[in-house]
Amino acid sequence: MCTHNNIQNTDNWKEVEGFAKKALPEHIVAFIEECRQDANPESKLIKVLQLVQEHFGYLGRTQMDAVAQLLQVPMAKVSGVATFYHFFRLVPRGKYLIRVCLGTACYVKGAERVVDKFKEELGIRFGETTKDGLFSLEGTRCLGCCGLAPVVEINEEIFGQVTPDKIPAILEHFTEKESEIKTQ
Amino acid sequence: MNNVNANYELLLQKAEEYRNSLGYGEKIRIRVGSATCEHAAGSQIVYEEFQKHILSSGRQDIILEKTGCTGRCSCEPIVGVFIPNKLPVKYQLVKRETVHKIFMDHIVGGKVVPENLLDKTPDSCKYHILMCDGTGCGGALDSGLRFQFEMKIAELGLKPEEVWLTHIGCLGFCTIMDKKEQTVQVMVRPDNIIYKIKTIKDIEDIIDSHFKKGKVVQRLVAKEKPISQRFYNLYGDVAFFNKQTRIALRNAGVVNPESIYDYLHYKGFLALKEVLQKNDPEWVVKQITESKLRGRGGGGFPTGQKWASARKTQEKIRYIICNADEGDPGAFMDRSMLESDPFSIVEGMIIGGFAIGAQKGYFYIRAEYPLAVERISHAIEECRKHNLLGQNILGSDFSFDLEIRLGAGAFVCGEETALIHSIEGERGQPRVRPPYPTESGLWGKPTVINNVETFANVPPIIVYGPDWFAQVGTRNSGGTKVFALAGKIQRTGLVEVPMGTTLRDIVYGIGGGPAGGRKAKAIQTGGPAGGCIPEKYFDTPVDFDTLGKLGSIMGSGGMIVLDEDDCMVDVAKFYMEFCQDESCGKCTPCREGTKRILETLTRITEGKGTEEDLAKLERLAKLVKKSSLCGLGKAAPNPILSTLNYFRDEYEAHVRDKKCPAHKCRSLIHYVIDPEKCVGCTMCAKNCPVPCITGERKEVHVIDTARCIKCGRCFEVCRFKAVKKL
């Protein structure tokens, strides 16, 4: 039984379902309902959590509860899966997620120094977000662009052959974009 | 008799009609590389820029299209310009600004832009001859035919602008020819004709008739088309490519990965047609077994044997899975294949599904590869539309469908039982084998899991026959292997070579060795599960067995070249960090062992290690290797054991002399300024973050080593090489 947020201690499925549906956007609810028609609905758990993270940027407790209810899998399993895979985040992150590739090729070509420079410029460590909520910093597994090492990925945009002195310009590119949005 | 053939012919006809309607063959084609790495290098901007140029010029005779990546990473973005009846021209490192020049000079003016030519290929020649140097043509080598050709060209005074000859690795052709008949294969571009030559007279005829009069010498023309021909048609003049044998990557950079018609045009789904027409799964398994194809994911298990054991089970519901969870740092061939040639992987999977009697297949792709996911989904959609997936494929009795499942960033999911758990929606933890997945896999049903590259090899084996494939490789491993060459090397990229090629040929012959004439110290193969092979073993022919003997593994084919600046202890530590972090925690040896190994290694790199630590390290590494549950733990100690074996002196220097010979480990180095070289420019002092560098302008500067944080900034900024790492 869930004791969290809006989902009260209740046996009334209609009520639980109602709260759960409210916690998730429509397309995800529809997707879960589609999954329930399949032979092995629980096997789609990872996909559902991916959709949730895509929408919210992270997996919150309320959303995980809702997924557990609607997909009819125990909350223990949902949280077990969410904590097992590197891809899932349980805390909100900045608007721009900086992921520095720490694959071998990047490592031997100086990814460590790139990381140091990002930390210095942003004043945050791995897994943290800047105070303005703009940037988060993470290390990532090989992005498969070893020929361009060292590689940095910022929200699906890939930057190749990054050296520490290129970093201020890269960050500026995003802060400028932000201030443009603001002035508009 | 089924009507598979008729349905296939219909599809082919459709493809040709479509291509003709667009004007293929008559129009100029511009092809821009499009894959994750190409995009990172800026190919999307280049594509848009070409689009603008074509629009504003109002020209109707130009086709702009995307192609996958060829695997020549450090030269991307790559753009090909194909003008009918002319040699194809490829440009490298194309930027937005170069697009205008290429468009105006080359496409409008007809003059090649020399400064951007890929790998400095000659800009123009009337005929380009590719001469096969493959071992299959070896018999003829003795008769000196190869030299005769060159001599004749020189004798007749043909200039490089007219005829230009290059030697290439192997056209992948050797086995189609009559084995008793010793001939040398030469390919003539841009006509893309392959001649088989035997005598000096043949050479004279080709020169006289073809090069001088433009008439093809019909009696010498080879009837069969080798698998790599299409690739060489386009890229035969590039040294990086023509020493390779492209089978799995045959279509990379050749087809448009978003067009099923393009794939069909290049003999796509021909293998599937043959399989469905024969309608004999046993035959397919037999072909694959005879081809000596071994799993390309790392383990090297014979694919035919795996398929056969799944077939043997009583259970009628069976699954086939494509393992595209390419987690090895430093390996990216699977990504490239998924992005550049998605249809052939799909085709390989359908054939596999047919062979083992599966009804459903799953693609398990890493979420870190969004473009690959997009291309594969598109390919699956297209196949469904054209009756290549779904009910009664091509009118046969075989029904099969595919579904994509995304990984979520867990390296251990590359292990087959963990992967199955992940598809089932569980935590991706492995389990004890046996039972093997071929007996009890996904939802307890027989399941075959193969790697992307394994599936990519299936269609050519069916079309060209198992004998040909087996002959390309070594005695126990058929075919080729794709390696991802990266690290301290000049030409990084994907390299496909026959099994049995030596490491030296790969590193120096194709990769060009480390930049600036430096020496390669070692090569790390197989990712975190592999080992480091020192330079003295570079002449080892590469296959699954030989690498195993050297204490490394083939793995999925990552190859990272290390030079004198890389500390082997640090490299071992890097891999151990990775494995420790990725250990799923299920079994104790891996969970605890990797942690303790990492602690010991960290101590050593910080200069706190003792000689006793080395013995402990070795013992623990062997223990973890022996007692872990799955492949991750079993292989995690490989980097340590191999570096301890080959580079023990480096470990000893760390623990005994507290020195890092490669000057890499931060705790063991310090920076000093050479008073003789320092001119007092103040550059170092200005950049020092601490700051711990003192000195007046135009006077010698000094580093206060007690306060120095060893960030290395001064070392980088000094233009007089006055800062030294000791």
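Chain letters run A, B, ... following the sequence lines, proteins first, then strands; residues in each count from 1. Keep in mind that the numbers below use all heavy atoms, side chains included, and drop hydrogens, waters and symmetry copies.
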### Query
With a 4.5 Å heavy-atom cut-off, do B:Phe411 and A:His86 have their side chains touching?
no
### Query
Where does B:Arg491 contact chain A at under 4.5 Å (heavy atoms): side chain, backbone, both or neither?
neither
### A:Tyr107 six-ring face occupied by B:Lys664 cation (under 6.0 Å, within 45°)
yes
### Message
Looking at every heavy atom in both B:Ala367 and A:Phe87, which two are closest together, and how far apart are they?
### Response
CB-CE1, 3.9 Å
### Message
Heavy-atom cut-off 4.5 Å, strictly under: side chain, backbone, both or neither for B:Arg666 against chain A?
### Response
side chain
### Query
Heavy-atom distance under 4.5 Å between the side chains of A:Glu157 and B:His39, does that happen here?
no
### Task
Select one option (side chain, backbone, both, neither) describing which atoms of A:Glu42 are under 4.5 Å from chain B's heavy atoms.
both
### Message
Nearest 0.5 angstrom please: A:Ser43 OG to B:Ile420 CD1, how far?
### Response
13.0 Å
### Query
So which part of B:Ser336 gets closer than 4.5 Å to some heavy atom of chain A, the side chain, the backbone, both or neither?
neither
### Query
Which heavy atom of B:Ala408 sits nearest a heavy atom of A:Phe88, and at what distance?
CB-CE1, 3.9 Å
### Query
Using non-hydrogen atoms only, which part of B:Arg427 is less than 4.5 Å away from chain A: side chain, backbone, both, or neither?
both
### Query
Rounded to the nearest 0.5 Å, how far apart are CZ of B:Arg366 and CG of A:Leu143?
7.0 Å
### Message
I need the A:Leu148 CG to B:Thr492 OG1 distance, nearest 0.5 Å.
### Response
7.0 Å
### Message
With a 4.5 angstrom heavy-atom cut-off, is it the side chain or the backbone of B:Glu426 that approaches chain A, or both, or neither?
### Response
both
### Query
If we only count heavy atoms from C-beta on, is the B:Pro689 to A:Glu120 side-chain gap below 4.5 Å?
no
### Task
Specify the closest pair of heavy atoms between A:Cys145 and B:Cys37, including all atoms of both residues, with the distance to one decimal.
SG-CA, 4.1 Å
### Considering all heavy atoms, the nearest B:Ala410-A:Tyr85 contact
CB-CD2, 3.6 Å
### Region of A:Asp116 in contact with chain B, defined by heavy-atom distances below 4.5 Å
side chain
### Message
Using heavy-atom distances under 4.5 Å, tell me whether B:Leu562 contacts chain A through its side chain, its backbone, both, or neither.
### Response
side chain
#### Entry: Residue among A:Lys77, A:Lys109, A:Lys47 with most heavy-atom pairs under 4.5 Å to chain B
A:Lys77
### Task
Pick one of side chain, backbone, both or neither for B:Leu406, based on which atoms fall under 4.5 Å of a heavy atom in chain A.
both
### Task
Give, for atom CZ of A:Arg113 and atom CD of B:Glu716, the distance between the pair rounded to the nearest 0.5 Å.
4.0 Å
### Task
Work out which heavy atom in A:Gly103 is nearest to a heavy atom in B:Pro329; give both atom names and the distance.
CA-CB, 3.6 Å
#### Entry: Under 4.5 Å from any heavy atom of chain A - which part of B:Cys413
side chain
### Query
Nearest 0.5 Å, what's the OH-OG1 distance between B:Tyr575 and A:Thr104?
3.0 Å
### Query
Among A:Val81, A:Asn40, A:Thr140, which residue forms the greatest number of heavy-atom pairs with chain B at distances under 4.5 Å?
A:Asn40
### Task
Quick one: closest heavy-atom pair of B:Gly330 and A:Cys142, and the distance?
N-SG, 3.3 Å
### Summary
Rounded to the nearest 0.5 Å, the OG1 atom of B:Thr36 sits from the CD atom of A:Glu153 at a distance of 9.0 Å
### Message
Does any backbone or side-chain atom of B:Asp565 lie under 4.5 Å from a heavy atom of chain A? Answer side chain, backbone, both or neither.
### Response
neither
### Pairs of heavy atoms under 4.5 Å with chain A: top-ranked of B:Leu485, B:Asp570, B:Asp328
B:Asp570
### Query
By a 4.5 Å heavy-atom criterion (distance strictly below it), what part of B:Glu403 contacts chain A: side chain, backbone, both, or neither?
side chain
